[in-house]
Amino acid sequence: MSKITEILVKEGDKVFNEPYKFVKFNNNPKANELLNDLKNHPHAFTLACIMDRQIKAERAWSIPYEVFEDCEFPNVAKMSHEDISKIFHSKKLHRFNDEMALYFYLAVQKINDDYDGDASKIWNDEPKSATLVRRFLEFKGVGIKIATMASNILARKLKVPMADYCCIDISPDVHVKRVFRRVGFINENATVNEIIYCAKEINPEYPGILDLPCWEVGNKWCRPKNPKCNECLLDKYCPKIID
DNA sequence: GTCCAGAGCT
DNA sequence: AGCTCAGGAC
């Protein structure tokens, strides 16, 4: 194993093995309370994950809190797509307010119809990792990045018990992709599938273990412009392949 | 102007 | 595989 993969796996393992501690998703204390309370507000975490695309992560993690300010769960299940759309537009919750309001609405309906209004039933039966990822994929607006991200956070931070971890892949998002390119794991025009299989190759029993360290490297230091290599934990071993 | 934890449709 | 959705922080 290369020194870089060794460091990334070790960092991932460290977080995975530590006991639960309150997760700080962003700087909104009330949103964080909601997201950490999987027992009483499991839908908040689920809905926030679905909102997590093409905007700053910190902003996406507040969206369920912002909606529930106007209408508490489970009453939100009675709201129409149009009602929810009005909230998204008036509070400017997302870039894609029409589309995200629809996915938010559809997710609430699905939680109601398929999980008896209790989103924790998505993950609380100690599922196989494949089952968990597939359940997230069933939601409209959820693809491989969001399904694996949700599963990774449940496994690594929120300590949700599951039967195995082998099918929780790395979340192939913009940061992971950039970091994988610059450390030389993949080439410039690699596809999402190549990223996923690259992580499987490194740590097949839990490919997603690489997700958090890679995401943090990309978010904090390995920026698109002016990467702060001297502060990065991979500095000594990284080939620093910049396009 | 650049960048942001993408997915769906063609 | 490429295009579209289209907003706010910096």
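Chain letters run A, B, ... following the sequence lines, proteins first, then strands; residues in each count from 1.
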Once you round it to whole Å, what is the distance between [atom2] of [N] and [atom1] of [X]?
X: D173(A); N: dA7(B); atom1: CG; atom2: C1'; result: 14 Å
X: R223(A); N: dC3(B); atom1: CZ; atom2: C1'; result: 8 Å
X: I170(A); N: dG6(B); atom1: CD1; atom2: P; result: 13 Å
X: N26(A); N: dC4(B); atom1: CG; atom2: C1'; result: 15 Å
X: L102(A); N: dC5(C); atom1: CG; atom2: P; result: 16 Å
X: I146(A); N: dG8(B); atom1: CD1; atom2: C1'; result: 12 Å
X: M100(A); N: dA5(B); atom1: CE; atom2: P; result: 14 Å
X: K177(A); N: dC4(B); atom1: NZ; atom2: P; result: 12 Å

Side chain of [X]: nearest nucleotide among [options]?
X: F96(A); options: dA1(C), dG8(C), dG6(B); answer: dG6(B)
X: R95(A); options: dA6(C), dA5(B), dC5(C); answer: dA6(C)
X: Q54(A); options: dG6(B), dA5(B), dG8(C); answer: dG6(B)

When rounded to the nearest Å, what value does the distance between P atoms of dG8(C) and dA7(B) take? 22 Å
Roughly how far apart, to the nearest Å, are dA6(C) and dC4(B) at atom C1'? 13 Å
Just say parallel, tilted or perpendicular for the rings of F180(A) and F185(A), cut-offs at 30° and 60°.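 Taking F185(A) first and then F180(A), their aromatic rings stand perpendicular (interplane angle over 60°).
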Over all strands shown, is D211(A) touching base, sugar-phosphate only, or nothing at heavy-atom distances under 4.0 angstrom?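 Base, at least one base atom sits under 4.0 Å.
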Are E138(A) and R135(A) close enough for a salt bridge, meaning some N to O gap below 4.0 Å? no
Common cluster, F139(A)/Y103(A), ILVMFWY with side-chain heavy-atom separation under 4.5 Å: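 Yes, F139(A) connects to Y103(A) through the hydrophobic network.
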5' precedence on DNA chain B between I144(A) and K225(A) (nearest-nucleotide basis):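 Result of the comparison: K225(A).
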At less than 4.0 Å, is any side-chain N or O atom of N219(A) found next to OP1 or OP2 of dA5(B)? Yes or no.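 Checking N219(A) against dA5(B): at least one side-chain N or O falls below 4.0 Å of OP1 or OP2.
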Does a side-chain N or O of R178(A) approach OP1 or OP2 of dC4(B) to a distance below 4.0 Å, or not?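 R178(A) to dC4(B) OP1/OP2: side-chain N or O found under 4.0 Å.
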Ring-face cation of K200(A) near Y197(A) (centre distance under 6.0 Å, axis angle within 45°):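 Yes - K200(A) lies over the ring of Y197(A), closer than 6.0 Å to its centre and within 45° of its axis.
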Between R59(A) and R53(A), which residue's closest nucleotide on DNA chain C lies nearer the 5′ terminus? R53(A)
Residues H43(A), F68(A); criterion ring pair (Phe, Tyr, Trp, His ring centres under 6.0 Å); working and verdict: CA-CA 11 Å; H43(A) 43 276; F68(A) 299 150; 5.4 Å; yes
